[in-house]
Amino acid sequence: QCFSLMIPALLHKMSMRPNVLTIFSKTPVRENMKAFRAYPHSLLLASELAVSLDALPLNEIPAAPELTEEDARDLDALCLAKSHFELKEYDRAAYFLRGCRSQKAYFLYMYSRYLSGEKKKDDETVDSLGPLEKGQVRNEALRELRVELSKKHSAGELDGFALYLYGVVLRKLDLLKEAVEIFVAATHALPLHWGSWLELCNLITNIEMLKSLSLPECWVRDFFMAHMFTELQMIKEALQKYQSLMEAGFAKSTYIISQIAVAYHNIRDIDQALYLFNELREQDPFRIENMDTFSNLLYVRSMKPELSYLAHNLVEIDKYRVETCCVIGNYYSLRSQHEKAALYFQRALKLNPRCLGAWTLMGHEYMEMKNTSAAIQAYRHAIEVNKRDYRAWYGLGQTYEILKMPFYSLYYYRKAHHLRPNDSRMLVALGECYEKLSQQVEAKKCYWRAYSVGDVERMALLKLAKLHEQLNESDDAAQCYIIYIQDIFSCGEQLEHAEVSTALRYLGQYYFKNKLYDEASLCAQRCCDYNDAREEGKALLRQISAVREQGEPSSTDLSLACVFNPLINTTTPVRRASPLDLSSVTP
């Protein structure tokens, strides 16, 4: 009853703000009077949005919706059934609703039967099988529900909630095309039912498919589009959408703050994402949603004390939540206790077998434990939950790479790259696969592309240089080594000495062979700062001294020094680079 007032009140609040109406089209209140059966996600979203707006005075709070004659006739049975439903006695709830005719009663009747089948499916799953085999057990009620709902749909007797349930049944039966059509119809029938939008989101695979859908013109559509842009890795568009929502009056919405934090997490802007998650916890200290994503950021930054505090805090709030189990799993993983980490991810999957993050993270843990077969199963389950999860595709590529199956790993890396075209890690992995398959031209393109989009791990140029070196393309290799060293020292980063020393060793020999003794001497001196290259540096300095004692001058032929100019006749496009100036650099 409380939520039956929530949507009209939210719409009324928005109507008080002119800037809201410039963006959102107002949905008729009468379409949303069926909130008696509201899906929990719709309730949560509407509540969070309503709290972020100014409170309404008493005389402006909308009245409760009036009951129809059918609703009044079924009211007692409906209240009894709803009590059994909330106690998870789904068969009893369905039994007491079998003769009711109102739309509310029909939805609860069908939904109780669906959840009864889901409960029995979970009960039939043997615990010893573990979460990896859960997908083998089916809900036996699905086919019967589909037949009944199909007849009602053909007769045009399904409302927005019943259409939502019909779409869920079709999705469970892997009839995805039909499910998309039904969910679109559900959003038209009841635009403010967030559950229909979320289910539709899970079925959209690319931006072309999104544009092809005929969606209702409603303010909820803006939230859906922002969420969809985030899922499709279109982060710039997502942030713009969320910014417009905040300017429209939802600046205090914790939901929007959390979604912006997730968007920054997806583009690996860790500092900004951490800042937003910390701000979110200050506003909502008992929040559990999205805290698993927050723990991923703390894990990447190796922030053990903060991750430990977060895990203990969530255990105190609710230790049986999926997010809590994932946070604890991340904590144990950071401590290199991978068996315990995998155990907690398994617990998360027992609570919710469709938890995408838990499947992916469990795959990572199995990889750490060298259990490749279990890792492959976990990653495949993650892809079944969401085909847009690039981490699962990437994990499968890594697993098959360990198994020395480069053709398989190339396929999965390509999938990951398609989902994250500007992620340098995917491109570097692709380059390594092409290199193993002796497709050097493709490998070069991947390494250079990885550098061009912003090399996160700063390995692309190094691998490209080594590939040129193996192919005896000395000018190209030298050019890549020059850019690599300049980029490293310009950022002031202290990376592995072996990598920098490798570049300096090669450049020293390259300059020496081309009789550029000043540059060769400078590289040799820098080599002496590294333990693994010190002896070679000293040896090169002795060679340079011997050559100079013989009176041989340095070369001034610019045709030899092509590393200083744009390369001619090369398959690798490079930037213009000047001679190295390492005199002021201290590694």
Side-chain angles (χ1 to χ4, degrees), residues 41 114-115 117-122 124-127 129-143 146 167-180 182-183 195 198-206 209-210 227-228 230-233 266 292-293 296 322-323 325-326 329 342 345-367 371-400 403 408-409 411-420 426:
H41 289 291
Y114 165 74
L115 290 180
E118 288 293 299
K119 187 173 182 292
K120 291 173 183 176
K121 180 191 75 171
D122 291 339
E124 290 174 6
T125 302
V126 182
D127 291 338
L129 291 177
L132 291 176
E133 287 79 14
K134 269 198 169 184
Q136 298 177 0
V137 184
R138 295 286 182 180
N139 182 347
E140 299 297 333
L142 291 177
R143 297 187 183 279
R146 181 200 171 196
V168 171
V169 170
L170 292 173
R171 177 181 60 78
K172 287 279 187 177
L173 292 171
D174 293 326
L175 301 171
L176 303 184
K177 185 177 179 181
E178 294 90 335
V180 170
I182 296 300
F183 284 129
L198 283 181
E199 289 289 346
L200 186 59
C201 175
N202 293 330
L203 297 176
I204 296 174
T205 55
N206 52 57
M209 182 178 178
L210 177 61
H227 184 79
M228 203 64 244
T230 304
E231 290 291 314
L232 294 174
Q233 306 299 325
N266 288 353
D292 50 338
T293 305
N296 292 340
V322 173
E323 295 88 345
C325 294
C326 289
F345 293 134
Q346 288 175 359
R347 288 183 181 180
L349 291 168
K350 286 183 179 180
L351 294 169
N352 181 8
R354 290 186 59 80
C355 179
L356 174 64
W359 282 118
T360 305
L361 293 171
M362 190 164 69
H364 295 344
E365 297 309 311
Y366 283 133
M367 285 284 287
N371 189 347
T372 53
S373 60
I376 289 172
Q377 280 186 297
Y379 288 136
R380 290 191 185 280
H381 276 283
I383 292 170
E384 287 178 9
V385 174
N386 188 349
K387 289 182 172 59
R388 297 188 306 269
D389 182 27
Y390 76 93
R391 298 172 301 171
W393 292 108
Y394 184 69
L396 279 172
Q398 287 183 310
T399 307
Y400 283 108
L403 295 173
Y408 279 77
S409 57
Y411 171 79
Y412 292 114
Y413 283 143
R414 279 177 172 171
K415 288 283 190 180
H417 170 60
H418 178 72
L419 294 169
R420 299 269 290 190
M426 315 300 149

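Closest approach of Y400 and S409 over heavy atoms only: CB-N, 3.9 Å. The two residues M209 and I204 come nearest to each other via the heavy atoms SD-CA, 3.8 Å. Taking all atoms of both residues into account, the shortest heavy-atom contact from A179 to L203 is CB-CD1, 3.9 Å. Here the shortest heavy-atom pairing between Y379 and A392 reads O-CB, 3.7 Å. The shortest heavy-atom contact between C201 and E231 is SG-CG, 3.8 Å. In terms of heavy atoms, Q233 sits closest to L419 at CG-O, 3.6 Å.
You'll find the side chain of K120 stays beyond 4.5 Å of the side chain of N139, heavy atoms only. F345 is listed as a side-chain neighbour of C326, based on a closest heavy-atom distance under 4.5 Å. You'll find the side chain of L142 reaches within 4.5 Å of the side chain of Y114, heavy atoms only. Between L173 and R143, the closest side-chain pair of non-hydrogen atoms falls below 4.5 Å. Counting heavy atoms from C-beta outward, L210 and T205 have side chains that stay 4.5 Å or more apart. Looking only at side-chain heavy atoms (C-beta outward), Y412 and Q398 stay at 4.5 Å or farther from each other. Under the 4.5 Å side-chain criterion, counting only non-hydrogen atoms from C-beta, R380 is not in contact with Q377. Put simply, the side chain of K415 does not reach to within 4.5 Å of the side chain of K387, judged on heavy atoms.
If you check the side chains of D389 and T360, you find a donor sitting under 3.5 Å from an acceptor.
Between atom OG1 of residue T230 and atom CG of residue N266 there is a gap of 7.0 Å, rounded to the nearest 0.5 Å. Rounding to the nearest 0.5 Å gives a distance of 8.5 Å between CG of N202 and CZ of F183. Between the OH atom of Y390 and the NE2 atom of H417 there is a distance of 14.5 Å, given to the nearest 0.5 Å. With rounding to the nearest 0.5 angstrom, the CD atom of Q346 is 12.5 Å from the CG atom of L351. Interatomic distance, C325 SG to K350 NZ, rounded to the nearest 0.5 Å: 10.5 Å. To the nearest 0.5 Å, the span separating CE on M426 from OH on Y413 amounts to 9.0 Å.
When the shell of 6.0 Å around NZ of K172 is examined, it contains more than 12 heavy atoms from other residues, nucleotides or ligands. Shown here is R388, whose CZ atom has more than 12 heavy atoms of other residues, nucleotides or ligands within 6.0 Å.
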Open item on the list: Test side chain to side chain contact (heavy atoms under 4.5 Å, CB included) on I383 and L396; report intermediate values, then the result.
Closed with: CA-CA 10 Å; I383 292 170; L396 279 172; 3.4 Å; yes

TODO: Take L361 and N296 through the side chain to side chain contact (heavy atoms under 4.5 Å, CB included) test and state the conclusion after the steps.
DONE: CA-CA 10 Å; L361 293 171; N296 292 340; 4.0 Å; yes

Task: R146 vs L175, side chain to side chain contact (heavy atoms under 4.5 Å, CB included): CA-CA, chis, key distance, verdict - done: CA-CA 11 Å; R146 181 200 171 196; L175 301 171; 3.6 Å; yes

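Taking the six-membered ring for Trp, H364 and Y394 have ring centres at least 6.0 Å apart.
Side chain of W359 to backbone of P353: a donor-acceptor contact under 3.5 angstrom is found.
Contact check on R171 versus E199 returns a salt bridge, with a Lys/Arg side-chain nitrogen under 4.0 Å from an Asp/Glu carboxylate oxygen.
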